[in-house]
Amino acid sequence: MFDSKLTTNSLLKKTKDLISLKIFKETLKNLKDKCIIIVDNRGSYFLNNFFTLTEVIDFGIISVESIYFKRKPYPKHEAIYVISACDKSINHIYDDFMKEQPALYKSCNIFTLDEIDENIMNLIIQKKEKFIKCIKTLKQIMIKFIPIDKNIFSFGNDENFNCFYNLFDYEKNENITEINISKLITVCQCLDNYPNIAYFSPDKYCKIIAEKVNSELKKYFSKKKNLKKNGILLITTRYIDFLAPIQFGLNYQHALLELLKKKDDKYINKVSLINNKDKTEKVIILDYKNEIYNKYKNLQISEVFKKCDEDFKSFQKSDVGKLHKLNQKKDKNKDNDKDDIDIAFALKNVSKYHYYYESYQQQINLCTEINNLMKKRNIMQLLDIQQKIISKIDEKGKKISDKDIISLIKDNKNSFNKNDLMRLLCLIKYNYPKIDLNKLIAEVESKKEKFNENDKNIINSFDPKKCLKNIDVIEQLEKNIISYREKNNYGTQEEQENEYDKSYPYIKESKLTTLCDMCSKNKLPNAFFAFVEKPENLPQKNVKINLGFDQEEEDNESNYNLILFNIGGLSNFEIASMERGWGRGHWGVNLILGGNKIYNYREYFIELNNYIKGKNDIKTIIEDIPKEIEEIKKKDEEERNKEGHKVDINKIDNIKISDGKHSKEKLKRSETKNSYEEEDMK
């Protein structure tokens, strides 16, 4: 009743329609009686995210229960299991029918949210024949991605950089690449969209994924009549914009996820509030279905602080908001109150009152916490320095030298905690590579929070020559992006003063936002991007991109999708930048954003740390190869000399270290815990 509307061509709406069709409409129409739904963790996420309790009841469902807990038997009713295709869930279903006597349910209809592979089929076949007869339906619904928001998806991968940029483990790389290809295909299938596929041509992984996805989609959509390509799938890579994940923006949702995000759930965006009195924790889910949160999430922080308070006061003055006076009358016994409230109206709208009251209170509490944290961590000061480092220009338009940057950091070293200081040092390493960072670190680190070896490795990894595969290509692409921004009047001072509060002028747009804008207008630079096949039905050059996820205009089904998939994951800053839209149009193209993972800066540091350790281990192993070869050659020579043979040591074959114990021992030694989450909580 109070849920935010889903646009007709949004990813979540298409996914909801698919689940609704496959599970509810096609299955329930053949059932005479009402049934029970049983879910595992993944099934629970999908049902909770897409359907309200009212909708589930309207479908004829008696109860929704967890597969992990003991349940009340319904021997006269059928059960629908919505699960992931894994051994654990299948075994739970088996126990419901074979271990429980009598069986908990009359029969079962099993729907898996991912592919039923050979191992799962063998597991089912190996079960008793009596159990197999209980299975009335066994279907797979190919939803291998995780919808995070209306038009945002993630694959939930925990090892982005090691999978795609660590060239040592070829076998693992190939396996993970195939998994990501299959997941990306299900996104297009769910949208029922056969897109033109463009990719960042200098990167081989982008090309591999683009070609294989195109090939599989061609086979899938060739079975349908009137096959036409529509929209664009743009495949990019993390190192196009290596800095974006460590930048701090002023979008409300971004600030929540950067400052308050919990790290225990990859499916749902959770934030936590700590009560200062008793130190208890309250967990809040950032739910796109909540009308109040949805209204504020893409606004600038200062706007939310002001607007939330004003809207709550307006709500209290409304007819529904005045229902709080019922409690006042009861408490104060005011019989002669002029604002008499109709009891029938109160009964009809009491649930609506509680919904809006609790939603506003929740956002006010979050705003208060964000405001306190921003003051405590000097976020505005951080943004000021961040903008100077990136732009290399001060407020007066004067260029900032290496000495100026060093002085700036030294003067403000006591203003920031270790993680925020680390973010600034990473930006300096990238934009001012000639500065001796090791010396600067020694001068600015505090006695309580010293930078360890892992921290220093991460900071030094932001040297452009180390972190970028093709530095010349990236530099040329950056110039192209800057030129495009200048021609299209991006981020001018006049534009900032009109759209944003003057006290927050330090918004920085991500490169991926600009690339999406280029793509939507058919202006992608040919030197850096290519199409797998000759494109069809491309957008007109003057079309404007739909970055407004909450537009009031009705969506046109003919509007095409622009799907951005970034290898290596997307940061909250980039999503905020693209959703905000930097003041441009909000219609024409339905933008859908996705990556291997969605992360904040702390999670990004952890990813980088793991990647750097992997690279260092490889380097160590490679440096040790000559020693190992010499030892083997000597042993071989000694053994053969004993037998009276002469040995030509130059003909010894190369050694495959990836299969040996040596590499495994080295890699095991690299597995250590990261402290970035703990440091930030301090």
Side-chain angles (χ1 to χ4, degrees), residues 15-16 19-20 22-24 27-28 34-53 55-57 59-117 119-128 130-132 134-148 154-158 262-270 272 281-285 287:
T15 310
K16 178 179 178 179
I19 294 175
S20 179
K22 296 292 184 183
I23 297 179
F24 296 115
T27 304
L28 293 175
K34 294 186 177 182
C35 61
I36 319 298
I37 286 187
I38 315 297
V39 293
D40 62 5
N41 287 336
R42 193 151 185 258
S44 174
Y45 168 75
F46 274 84
L47 288 187
N48 288 335
N49 209 28
F50 296 141
F51 299 97
T52 63
L53 183 60
E55 287 175 317
V56 172
I57 292 171
F59 280 125
I61 305 300
I62 298 174
S63 176
V64 180
E65 300 179 5
S66 172
I67 200 170
Y68 305 114
F69 301 125
K70 191 169 184 180
R71 283 161 271 128
K72 179 183 175 181
Y74 289 90
K76 294 182 181 180
H77 296 278
E78 293 188 19
I80 294 177
Y81 288 85
V82 185
I83 59 172
S84 55
C86 63
D87 298 0
K88 187 177 180 181
S89 295
I90 296 296
N91 288 329
H92 275 297
I93 298 173
Y94 177 81
D95 292 343
D96 289 347
F97 287 88
M98 302 309 296
K99 285 195 175 182
E100 296 287 343
Q101 294 299 328
L104 290 182
Y105 313 107
K106 183 179 178 181
S107 61
C108 65
N109 301 271
I110 303 172
F111 294 89
T112 66
L113 293 167
D114 38 27
E115 190 175 2
I116 301 173
D117 58 21
N119 294 331
I120 296 297
M121 284 303 300
N122 289 335
L123 179 66
I124 295 172
I125 292 167
Q126 288 168 8
K127 302 294 184 184
K128 293 180 180 179
K130 187 179 177 181
F131 168 67
I132 296 173
C134 295
I135 301 175
K136 191 174 179 180
T137 307
L138 177 61
K139 288 185 178 180
Q140 57 187 21
I141 305 173
M142 301 294 280
I143 305 175
K144 296 184 179 181
F145 57 91
I146 303 167
I148 302 294
S154 167
F155 293 163
N157 293 1
D158 292 326
K262 283 184 70 66
K263 61 177 181 177
D264 62 342
D265 199 320
K266 63 183 177 183
Y267 293 136
I268 304 172
N269 284 332
K270 291 180 179 178
S272 60
E281 182 186 43
K282 182 181 180 182
V283 177
I284 297 172
I285 296 174
D287 187 359

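Note that these values count all heavy atoms, side chains included, but never hydrogens, waters or copies made by symmetry.
Between F59 and S20, the shortest heavy-atom contact is CZ-OG, 3.5 Å. Nearest heavy atoms, Y81 versus F97: OH-CE1, 3.7 Å. Nearest approach of I80 to C35, heavy atoms of both residues: CD1-SG, 3.7 Å. Pairing each heavy atom of G43 with each of L113, the nearest pair is CA-CD1, 3.9 Å. The minimum heavy-atom distance linking D40 with S84 is given by the pair OD2-N, 2.8 Å. For the residue pair H92 and Y68, the shortest heavy atom distance occurs at NE2-CD2, 3.8 Å.
With rounding to the nearest 0.5 Å, the separation of SG in C86 from CG in N91 is 9.0 Å. To the nearest 0.5 angstrom, I37 atom CD1 is 9.5 Å from F111 atom CZ. Note that the CE atom of M142 and the NZ atom of K144 stand 4.0 Å from one another [nearest 0.5 Å]. Taking CG from L47 and CD from E55, the interatomic distance works out to 11.0 Å, rounded to the nearest 0.5 Å. Distance CD1/I38 to OG/S89: 12.0 Å, rounded to 0.5 Å.
Contact check for Y94 versus C134: no side-chain heavy atoms found under the 4.5 Å cut-off. For the pair V82/F46, no side-chain contact is recorded, criterion being any heavy-atom separation below 4.5 Å from C-beta on. Looking only at side-chain heavy atoms (C-beta outward), I143 and T15 come within less than 4.5 Å of each other.
None of V39, I93, D95 except one satisfies the side chain to side chain contact (heavy atoms under 4.5 Å, CB included) rule with I67; the exception is I93.
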Taking only distance into account, with no hydrogens and no angle test, what donor-acceptor pairs under 3.5 Å do side-chain atoms of residues 72-79 form with protein atoms, sequence neighbours excluded?
{"residue": "H77", "atom": "ND1", "partner": "K34", "partner atom": "O", "Å": "2.8"}
{"residue": "E78", "atom": "OE1", "partner": "N109", "partner atom": "ND2", "Å": "3.1"}
{"residue": "E78", "atom": "OE2", "partner": "K136", "partner atom": "NZ", "Å": "2.8"}

Might you work through the salt bridge (Lys or Arg N to Asp or Glu O under 4.0 Å) test for D114 and R42, ending with a clear yes or no? CA-CA 10 Å; D114 38 27; R42 193 151 185 258; 3.6 Å; yes
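Residues passing the side chain to side chain contact (heavy atoms under 4.5 Å, CB included) test with L138, sequence neighbours excluded: I110, I116, M121, I124, I135. Remark: I132 engages no residue in a side chain to side chain contact (heavy atoms under 4.5 Å, CB included) (not counting sequence neighbours).
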